[in-house]
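Here's the structure, in structure tokens; my notes come after.
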Amino acid sequence: MLLELEGVTAAYGRVQVLDGVSLAVPEGGAVGVLGANGAGKTTTLRAITGVVRAGGTIRFDGRSILGMRPDQVAALGIAHVPEGRGTLGDLDVRENLRVGAYLRKDRARIREDMDYCLELFPQLRDRIRSNASALSGGEQQMLAVARAFMAKPRLLLLDEASLGLAPGTAKTVYGAIRRLREESGISMLVVEQNANLAFSLVEEAVVLETGRSVLSGPTEELRTMDDIRRAYLGG
Ligand code: ATP
């Protein structure tokens, strides 16, 4: 397994938010994290990146990353596309992509990867000189994904990439992420409220309920379960 969580706990102050999250992402795999608002999906990603202090077991590539700082986790090859996108508004598209690659030294490959991103997201090519803050929500989301890709991660953590986007735009963004996955082989852990979008990208998912993983399995199986359908698929 590339990423393994076992019995992960986390709290904000005295409020226990994660209380036993277990999941695993195989090398090259994509796993979804489903669950209602407040179930702890975002906190799970923050526990992995070291933004939130966690207990339990978190292993990346066989080695414990519990207690590491966010920059150390990033340097191991874990890139996070946070909820709300986290692009740098005062920088233009090209500068944002360069920032994504700041830990890399392979200049020729960086240029190739930048070209690849602009081919994957042609909307960004059209707006290459625009500040991120001037982009539409969909374009900002594309930039956030592209910027994370520029770090050449082994694992991409995606948080609610469809949030606030029109359905057509969300589909476009997920289509590009799917292509990125197929062409790059990057492993992914995908938090997504819209289970249909999540299921278009991942082959396995884990369901969180009040900070605990209660169910996991291949998406084909989860999809047919009545309570999952009711809770996350709108009937
Ligand atoms: P959402 O879809 O709403 O983001 P989520 O499943 O990602 O939900 P989290 O954001 O991980 O859930 O939040 C889990 C719980 O922790 C919620 O009850 C939330 O109110 C609480 N929480 C989140 N961030 C903080 C914080 N910075 N301080 C205190 N409590 C927080």
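Just follow the structure's listing: the first ligand is 1, and inside any ligand the first atom is 1. Residues: numbered from 1 along the sequence shown.
Taking every non-hydrogen atom of Gln193 and a distance limit under 4.0 Å, the qualifying atoms of ligand 1 come out as 2 (O).
Given atom 12 (O) of ligand 1, the protein heavy atom at minimum distance is Gly40 N, 3.2 Å. Among protein heavy atoms, the minimum distance from atom 3 (O) of ligand 1 is reached at Asn37 OD1, 3.4 Å. Looking from atom 15 (C) of ligand 1 to the surrounding protein, the closest heavy atom is Val17 CG1, 3.5 Å. At the shortest separation from atom 5 (P) of ligand 1 among protein heavy atoms lies Lys41 N, 3.4 Å. At the top of the distance list for atom 29 (C) of ligand 1, counting protein heavy atoms only, stands Tyr12 CB, 3.4 Å. Considering only non-hydrogen protein atoms, atom 8 (O) of ligand 1 sits nearest to Gly38 N, 2.8 Å. For atom 9 (P) of ligand 1, the closest heavy atom belonging to the protein is Thr43 OG1, 3.6 Å. The protein heavy atom nearest to atom 10 (O) of ligand 1 is Thr42 CB, 3.5 Å.
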>> For Gln141 and Thr169: C-alpha separation, side-chain torsions, deciding distance, then whether side-chain contact (heavy atoms from CB on, under 4.5 Å) applies.
In response: CA-CA 10 Å; Gln141 188 63 60; Thr169 309; over 6 Å; no

> Could you go step by step and tell me if Arg69 and Asp71 meet the salt bridge (charged side-chain N to carboxylate O under 4.0 Å, His left out) rule?
Replying inline: CA-CA 6 Å; Arg69 292 191 315 263; Asp71 60 306; 3.0 Å; yes

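At least one side-chain heavy atom of Leu76 sits under 4.5 Å from a side-chain heavy atom of Ile65. Looking only at side-chain heavy atoms (C-beta outward), Ile48 and Leu189 come within less than 4.5 Å of each other.
When each of Lys105, Arg104, Lys152 is paired with Ile110, the side chain to side chain contact (heavy atoms under 4.5 Å, CB included) condition holds for Arg104 and for no other. The side chain to side chain contact (heavy atoms under 4.5 Å, CB included) with Glu204 is formed by just one residue from the set Leu23, Val31, Leu222; it is Val31.
Checked by atom type, the side-chain pair Asp159/Thr42 shows a donor-acceptor distance below 3.5 Å.
Between Arg179 and Glu182 there is no salt bridge, since no side-chain nitrogen of the basic residue lies less than 4.0 Å from a carboxylate oxygen of the acidic one.
Proximity of atom 31 (C) of ligand 1 to the protein is indicated by at least one non-hydrogen atom lying closer than 4.0 angstrom.
The closest approach between a heavy atom of Ala36 and any atom of ligand 1 is below 4.0 Å. In this structure, Val15 falls outside the shell of residues with a heavy atom less than 4.0 angstrom from ligand 1.
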